[in-house]
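Take a look at the structure set out below.
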Protein chains: 4
Amino acid sequence: MSDGQTVAADQLRLFIERIERLEEEKKGMSDDIKDVYLEAKSQGFDAKTMRKIVSLRKKEKHVRDEEDALLETYRNALGLV
Amino acid sequence: MSDGQTVAADQLRLFIERIERLEEEKKGMSDDIKDVYLEAKSQGFDAKTMRKIVSLRKKEKHVRDEEDALLETYRNALGLV
Amino acid sequence: MSDGQTVAADQLRLFIERIERLEEEKKGMSDDIKDVYLEAKSQGFDAKTMRKIVSLRKKEKHVRDEEDALLETYRNALGLV
Amino acid sequence: MSDGQTVAADQLRLFIERIERLEEEKKGMSDDIKDVYLEAKSQGFDAKTMRKIVSLRKKEKHVRDEEDALLETYRNALGLV
DNA sequence: CCGACAGCCAAAGGCC
DNA sequence: GGCCTTTGGCTGTCGG
């Protein structure tokens, strides 16, 4: 043991385990989100529409961020502070 | 103000905000995972293959979980502890 | 010849050829687009920034379309015309 | 108006609009291609395999073009017509 | 040549 | 249980 092969295998195993832990946490987040939708639904809200709203707001935010970045690019190109 | 309409709108807004916070955390997880793949890649591992490994192990875990659930069903059906 | 096998092969060949013609036209479009960027570059414009603008405008249009669709969803949900 | 700034902005706008028109045409080509695959699928052909064929033929064409170019290079180097 | 990005496809999850 | 929308991964393309 302790040869390069083994060392590499150990490293790989550690990477895989780190990823799997993170994937589990991520799945936990997904489950939490699902629960909120269920809770909202139980209070009479329509989950499908809510998903649309969330999706739309995400895109709008993304567009706004990009607009800001583009503006910054222009400012830099024009030598402004 | 304070009529049903407004109350519902406030509730909806709160739900949306909770979801958006959770979505952000989830995105953080995704980013962390991506970072681990990049780190592994920088040490000479192949990300694509690693993804295959993670995927395979997930399926195997799923199979094992199903087997456990089936065993549990049998135990219950037979009145065993 | 003239058996089913051959007929199917002929059909397939025709489909493939139609696709390849369309792919060529598509590539022509890509080349034209590339030329416009080059021409703009030759007049002092930054192609990378221009690409960002084009991309951003596309996203903005998409978001606007979605907003309209969501509004429509609300109107329907509220029984409005 | 009519200062350099405005002229440049107008030029940029025109370039952007030309690109957007071309992008739309390109999208039309993509849609046409997709339609052909759907039509082929409706007649029992497998789209995935067809894509492989198209891809392979493209590579082969590319190889042939490279060979031709190399041959041309040699001919020129040797002063042949 | 590499690294980033968009398009395409297959798979998963939610909804009816 | 089927439809269908969304997500994740892969491939091909483009610019640096």
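Below, chains carry the letters A, B, ... as their sequence lines are ordered, and counting in each starts from 1.
Within a 6.0 Å sphere centred on NZ of C/Lys52, heavy atoms belonging to other residues, nucleotides or ligands number 12 at most.
Close to F/dG12, at under 4.0 Å from its OP1 or OP2, lies a side-chain N or O of D/Ser55.
Within the 4.0 angstrom heavy-atom criterion, no nucleotide atom of any strand lies near C/Lys52.
Atom CD1 of B/Ile19 is separated from atom P of F/dT6 by 15 Å (rounded to the nearest Å). In this structure, D/Lys26 atom NZ and E/dC8 atom C1' are separated by 14 Å, rounded to whole Å. For the pair A/Met50 CE and F/dT5 C1', the interatomic distance rounds to 17 Å; values are reported in whole Å.
The pair D/Asp68-D/Arg64 does not meet the salt-bridge criterion, since no charged nitrogen lies less than 4.0 angstrom from a carboxylate oxygen.
Side-chain atoms of B/Glu39 and B/Asp35, non-hydrogen and from C-beta on, never get closer than 4.5 Å to each other. C/Val63 places none of its side-chain heavy atoms less than 4.5 Å from the side chain of C/Glu60.
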* Yes or no on side-chain contact (heavy atoms from CB on, under 4.5 Å) for D/Tyr74 and D/Leu80, after CA distance, side-chain angles and deciding distance? -> CA-CA 8 Å; D/Tyr74 283 175; D/Leu80 302 175; over 6 Å; no
* Structure fact -> A correct 5'-to-3' footprint of nucleotides 11-16 of chain E, with B, S and - meaning base, sugar-phosphate only and no protein heavy atom under 4.0 Å, is ---SS-
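Under 3.5 Å, the side chains of B/Asp3 and B/Thr6 contain a donor-acceptor pair of N or O atoms.
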